[in-house]
Amino acid sequence: MSLLQRSLASVWHPCTQMKQHETLPLIAITRGEGPWLIAEDGSRYLDAVSSWWVNLFGHCNAHINQRLREQMEKLEHVILAGFTHEPVVRLSEELAALTGHNLGHAFYASDGASATEIALKMSVHYWRNTGRPAKTRFVSLAGSYHGETVGALAVTDIALFREAYAPLVRAAATVASPDARAAEPGESAKDVAIRAAAALEAFLAEHHAETAALIVEPLVQCATGMAMYDPEYLRRARTLCDKYEVHLIADEIAVGCGRTGKFFAVEHTGIWPDFLCLSKGISGGYLPLSLVLSTETIYQAFYADEVARGFLHSHSYTGNALACTAALATLEIFRDENVLEANLQRTAWLARAAEPIAAHPAVEHVRQAGMILAFDVECPESGFARRFYAHALAEGLLLRPIGNTVYWMPPYVLDEAQCQWLGERTLVALNKTLSG
Ligand SMILES: *Cc1c(COP(=O)(O)O)cnc(C)c1O
């Protein structure tokens with residue numbers, strides 16, 4: 001049996017109707033090299049989605065590899081209850097410094113959905129500890145995605161992911177998304193944001209007494225199809241959350257770590273949330289790691305003689321030393337290679353590479369936030385995403401459209417020629433998909 005046959009027989013692949021693999025080929029990757037994935041048969045794919053938005057500095061990055069090797073010779077993991085170690089302390093200090101010490105007290109887990117749940121639990125527990133036990137509900141934006149465990153599904157508003165499990169989920173309320181594509185003729189993205197903020201105010205005015213937190217993906221709602229919005233929404237949301245005593249949770253699992261041009265997406269807004277969730281890119285795409293940063297006010301509400309007032313949540317691999325080391329190596333690259341500055345150039349290259357695509361008659365809403373570029377395709381036939389995915393692979397590109405939205409979210413290593421090549425191949429794949 002080939003590796004592919006063995007995989008289909010033994011591995012239950014994520015986000016996949018397995019039967020589709022009767023026609024859709026599975027690809028076995030043996031090696032990674034910068035932005036390239038190299039398959040068993042020698043074919044190469046440009047990883048234009050950063051392997052589900054996690055890889056920042058290319059596959060098999062020499063610097064991260066070296067740091068991991070060094071750490072592996074010293075300590076791979078130790079229980080984080082009652083014990084600590086250098087990598088977790090340094091990472092927590094560096095992240096707090098990156099928030100200008102507005103947020104500290106890093107609480108660790110291994111995946112994004114767990115970080116969401118930690119923030120939700122901390123918020124409710126904070127209100128309980130401060131004498132407001134009725135505040136147990138959440139509100140999220142229409143089309144929001146914050147993970148797929150049963151708790152995180154409460155604030156994930158994507159029917160395909162939630163419907164089958166509806167009886168298990170205590171769904172949060174949703175309010176209008178500030179998605180700039182909702183602009184009426186003559187309206188700017190900022191106008192849409194102001195309109196959505198008014199809807200949030202109407203909701204909070206009525207429901208603040210039972211609402212613990214608003215959770216948002218700052219600037220880009222990624223998994224719903226790269227819905228981008230004006231930073232004014234977050235400034236207004238911050239003001240409203242303060243006014244109505246509701247926490248603001250910024251889920252930067254996808255948009256953090258430089259993706260939108262600043263290290264944290266909220267840095268475009270001048271406000272800080274009460275909780276900030278990070279995962280995906282934080283370990284450079286090497287190892288599962290997530291964390292929640294919170295304010296001093298939150299932390300102090302748990303600090304007491306009584307055990308039950310503490311945050312007793314835990315995961316076996318909390319603060320794993322290798323994952324923290326990969327994250328520290330990632331932060332070193334950000335500093336030593338002046339990555340945010342260099343990405344300004346890369347962002348411009350991506351924009352230029354998309355110009356011929358923007359001119360295509362079936363393409364609309366070309367939009368960009370730093371190292372995310374997306375466009376929507378008018379395609380009357382169903383199955384656009386699946387057909388485009390297959391055509392892109394044939395052109396040497398790993399691209400996974402969301403519905404009719406195609407997006408680039410590449411690692412921060414592409415040069416100008418690679419950006420241009422990405423643009424050309426994407427256009428070829430698009431034309432082949434549209435011509436049947
Ligand atoms: C991916 C993602 C998550 C969930 O992270 P997992 O590691 O897949 O559980 C949560 N929020 C956002 C915004 C994400 O993009």
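Whatever order the structure lists them in is the order used to number ligands and atoms, beginning at 1.
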Do Phe311 and Ile118 touch side chain to side chain, with heavy atoms closer than 4.5 Å?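 Yes. Closest side-chain heavy atoms under 4.5 Å.
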Do the ring planes of Phe57 and Phe334 sit parallel (below 30°), tilted (30 to 60°) or perpendicular (above 60°)?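 Aromatic pair Phe57/Phe334 classed perpendicular.
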Aromatic rings Trp127 and His247: how do their planes relate, parallel, tilted or perpendicular, breaks at 30° and 60°?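 Ring orientation of Trp127 relative to His247: parallel.
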His365/Phe375 aromatic ring centres below 6.0 Å: no
Closest approach of His63 and Ile333, non-hydrogen atoms and distance? CD2-CG1, 3.7 Å
At a heavy-atom distance under 4.0 Å, which protein residues reach ligand 1? Sort them by chain and number, would you?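 Heavy-atom contacts below 4.0 Å: Trp53, Asp111, Gly112, Ala113, Tyr145, His146, Gly147, Glu217, Asp251, Ile253, Ala254, Lys280.
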Does the distance from a Lys or Arg side-chain N to an Asp or Glu carboxylate O, for Glu364 and Arg181, drop under 4.0 Å? no
